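Next up is a structure, given as structure tokens.
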Amino acid sequence: PPAHSRSDWIGPPDKLSNLRPIIFYEPPEESPLERQLREARQEAQACNQRFWARQNCAFRQEKEEFIYSRLKAKGLEMRDKTGQKATLNAEEMADFYKDFLSKNFRKHMQYNRDWYKRNFTITFLMGQVALVRALRWLRWKKKNAGN
């Protein structure tokens with residue numbers, strides 16, 4: 001982002017995680033509480049990025065292996081005579097999706113628990129930052145009203 005920018009910048013989706021990366025704005029006079037909030041947001045983004053990059057890679061690999069094994073069982077190749085990639089029907093792919101979700105159920109549950117904890121912390125910090133800013137603004141209003 002340009003040096004004069006005063007907001008977060010959101011990039012295009014990552015090729016592995018499909019998440020849009022964020023470059024967080026760091027104000028020059030950031031308070032310790034505001035820094036704690038920004039760092040919590042950055043850590044949450046990094047954790048989400050790691051989880052979904054790994055999960056999506058595993059999904060793609062297992063999907064390819066599943067398709068290959070099913071096509072091989074039918075005596076078919078990965079590509080047909082015209083060079084087109086061979087596919088399975090929706091029912092066969094539903095078997096894969098169901099199996100993948102079942103195998104990864106615990107991993108997703110742990111991810112969701114961690115995600116909720118992180119978001120609760122971020123929300124709590126956001127409330128604290130908003131309160132401090134509101135009190136600062138009220139003090140400024142009171143100080144300037146007395147002039």
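Note that the structure is a prediction, hence the values are computed from the model and not measured.
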Output field: ring centroids Phe100/Phe105 closer than 6.0 Å: no
field: Evaluation steps, salt bridge (Lys or Arg N to Asp or Glu O under 4.0 Å), between Lys98 and Glu91
entry: CA-CA 11 Å; Lys98 181 180 180 229; Glu91 286 181 26; over 6 Å; no
- request: Measure the shortest side-chain to side-chain distance between Trp140 and Arg136 over non-hydrogen atoms and say whether it is less than 4.5 angstrom.
  value: no
- prompt: Are Arg41 and Glu26 close enough for a salt bridge, meaning some N to O gap below 4.0 Å?
  reply: no
Under 3.5 Å: donor-acceptor pair, side chain of Asn56, backbone of Trp52: yes
- request: Can you measure from CG (Asp114) to CZ (Phe51) and round to the nearest 0.5 angstrom?
  value: 9.5 Å
- request: May I ask you to check whether Arg38 and Gln42 show a side-chain donor-acceptor distance below 3.5 Å?
  value: yes
task: Answer yes or no: is there an ion pair linking Glu34 with Arg133, defined by an N-O contact shorter than 4.0 Å?
output: yes
field: Min side-chain heavy-atom separation Pro12-Arg20 under 4.5 Å
entry: no
message: One pair to check against salt bridge (Lys or Arg N to Asp or Glu O under 4.0 Å): Glu39 and Arg35. What are the steps and the verdict?
response: CA-CA 6 Å; Glu39 289 172 351; Arg35 186 180 73 250; 3.7 Å; yes
task: Report yes or no: do Trp9 and Tyr25 form a side-chain donor-acceptor pair below 3.5 Å?
output: no
- prompt: What pairs meet the side chain to side chain donor-acceptor pair (under 3.5 Å) rule with one or both residues in residues 69-78, with sequence neighbours excluded?
  reply: Lys74-Glu92
query: Is Tyr116 close to Tyr111 at the side-chain level, that is, under 4.5 Å between some pair of heavy atoms?
result: no
message: Could you tell me if the side chain of Asp8 sits less than 4.5 Å from the side chain of Ile23, heavy atoms only?
response: no
- prompt: Side-chain donor-acceptor pair under 3.5 Å between Gln45 and Gln49, yes or no?
  reply: no
field: Heavy-atom side-chain contact between Ile10 and Pro21 under 4.5 Å
entry: no
- request: Report the C-alpha separation of Gln128 and Gln36 in whole Å, then their side-chain angles, then the decisive distance to 0.1 Å, and conclude whether the side chain to side chain contact (heavy atoms under 4.5 Å, CB included) test is met.
  value: CA-CA 11 Å; Gln128 287 181 309; Gln36 187 180 359; 5.7 Å; no
- request: May I ask you to test the Val132-Leu33 pair for a side-chain heavy-atom distance under 4.5 Å?
  value: yes
query: Can Lys103 and Glu62 be counted as an ion pair, charged N to O under 4.0 angstrom?
result: yes
